[in-house]
Amino acid sequence: MFETIRSDVRAVFDNDPAARSVFEVIFTYSGLHALWSHRIAHWFFKRKLLTIARIISQINRFLTGIEIHPGATIGKRLFIDHGMGVVIGETCEIGNDVVLYQGVTLGGTGKEKGKRHPTIGNNVVISSGAKILGSFKVGDHSRVGANAVVLQEVPEHSTVVGIPGRIVKQNGVRINKLDHCNLPDPVYDICLKLQSEIDTLKNELEAVKKSGGKKDDGVKSF
Ligand SMILES: CC(C)(COP(=O)(O)OP(=O)(O)OC[C@H]1O[C@@H](n2cnc3c(N)ncnc32)[C@H](O)[C@@H]1OP(=O)(O)O)[C@@H](O)C(=O)NCCC(=O)NCCS
C-alpha cells in the first residue's frame, strides 16, 4: 500500500512542474484525494457493498469535485490535475500513467447497455474539457485535445482534436486535414453532397443555354 501511495505522489511530480514538496502534494492535490477515496470505494464495490461504495464516492465528489463511479477500474499512477468537473463512469477502465485534466468526462452515449464507457490505454493524456463517450478504446500513448468530443476508437500514438474528434497526428506525423482517417466528418460529407448537386445544376443550365433556351427532354425554356 505504501509503495502505491509513493508512486501516486511520484506521478504528481512527474506531471506537474508546480508541485513543490511531498507535504504540499499530499495535503493539497484533490486529484490524489479522489484517487485514494476511489480505491476505498472500489474495495467495497467489489465486495457487493454497493451503497457504502456509492456513499464514499459521493462524499469524494462533494470534497473534490471529481466524480468517479466506484465500479470504475483504474490503473497505476493516474494523475488528475486540478480535477474539478471530472466524471468517470462505472464501466470505464483506465490503464497506467494516464493524465486527466479538469472537466474530462469518460462517459456513455446513453445508447449502450453493459460496458458503455471507454477503455483508456497506458500513457494517455486527456486534456481539459474533453468528452470521451462510448465503449471503445483510446490506444496507448494517445492525446486528446482540450474540449474534443471523441465518439470512436482512437488508435495508439494518435492526437485527436475537435468535435467530433478527428485524428490530426499519428506516430508524430500530421494527417491530411481532409483525410477522415476512420473518424466521420459530417460537415465535410454535406459539403461534398452540396458541391455535387451544384455541379449537376450547372451542367443542366449550361445545356439549356447552349440549346438556346430549348430542351428536348420536356424541360421548359426560361
Ligand atoms: C492536443 C494537445 C495535447 C497537443 O497535442 P500534439 O500532439 O502536440 O498536437 P499539436 O500541438 O502538434 O497540434 C496538432 C494540430 O491540432 C490542433 N490542435 C491542438 N489542440 C487542439 C484543440 N484542443 N482543439 C482543436 N485543435 C487543436 C493544432 O492547432 C494543430 O493543427 P495544425 O496541424 O492545423 O497546425 C494540446 O493541443 C492540447 O489540447 N493541450 C491541452 C492541455 C490541457 O488541457 N491543459 C490544461 C492545463 S490546466
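Hydrogens, waters and symmetry mates are skipped; everything else that's a heavy atom, side chains included, is used. For reference, positions follow the sequence shown, starting with 1. Just so you know, ligand 1 is whichever comes first in the structure, and atom 1 is the first atom listed for that ligand.
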Trainee: Does any N or O of ligand 1 fall below 3.5 Å from an N or O anywhere on Gln102, backbone included?
Mentor: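 No - when backbone and side-chain N and O of Gln102 are compared with those of ligand 1, no distance drops under 3.5 Å.
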Trainee: Could you list which atoms of ligand 1 come closer than 4.0 Å to a heavy atom of Gly145?
Mentor: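 Numbered from 1, ligand 1 contributes 1 (C), 23 (N), 39 (O).
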Trainee: Is the closest side-chain heavy-atom distance between Leu106 and Ile126 below 4.5 Å?
Mentor: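 When only atoms from C-beta onward are counted, Ile126 and Leu106 do touch, with a gap below 4.5 Å.
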Trainee: Could you tell me whether Arg116 and Glu90 make a salt bridge, using a distance below 4.0 angstrom between a side-chain N and a carboxylate O?
Mentor: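 Yes, charged N to carboxylate O under 4.0 Å.
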Trainee: Less than 4.0 Å is my threshold; does some heavy atom of Asn147 fall inside it relative to ligand 1?
Mentor: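 Distance cut 4.0 Å: Asn147 fails for ligand 1.
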Trainee: Does the N or O separation between Tyr101 and ligand 1 drop below 3.5 Å for any pair?
Mentor: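 Such a contact does not occur with ligand 1.
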Trainee: Is the NZ or CZ atom of Arg47 both under 6.0 Å from the centre of the six-membered ring of Trp43 and within 45° of that ring's axis?
Mentor: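 Yes, a cation-pi geometry holds between Arg47 and Trp43.
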Trainee: Hey, does Ala146 come in under 3.5 Å of ligand 1, counting only N/O atoms on both sides?
Mentor: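 Looking only at distances, the answer is yes, because the N/O contact criterion of under 3.5 Å is met.
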Trainee: State whether the side chain of Ser158 and the backbone N or O of Glu156 hold a donor-acceptor pair below 3.5 Å, judged by distance alone.
Mentor: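 Pair found, side chain donor or acceptor close to backbone of Glu156.
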Trainee: Closest by any non-hydrogen atom to atom 30 (C) of ligand 1: pick that one out of Arg174, Arg166, His157, Gln170.
Mentor: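 Nearest heavy atom to atom 30 (C) of ligand 1 lies in Arg174.
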Trainee: Hey, is ligand 1 close enough to His82 that some N/O pair sits below 3.5 Å?
Mentor: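 Looking only at distances, the answer is no, because the N/O contact criterion of under 3.5 Å is not met.
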Trainee: Check this for me: does any side-chain nitrogen of one of Arg10 and Glu3 sit under 4.0 Å from a carboxylate oxygen of the other?
Mentor: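 Salt bridge flag = yes for Glu3 with Arg10.
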Trainee: Taking only residues two or more places apart in sequence or in another chain, which ones pass side chain to side chain contact (heavy atoms under 4.5 Å, CB included) with Glu24?
Mentor: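 Applying side chain to side chain contact (heavy atoms under 4.5 Å, CB included) to Glu24 gives Arg20, Ser21, Thr28, Tyr29.
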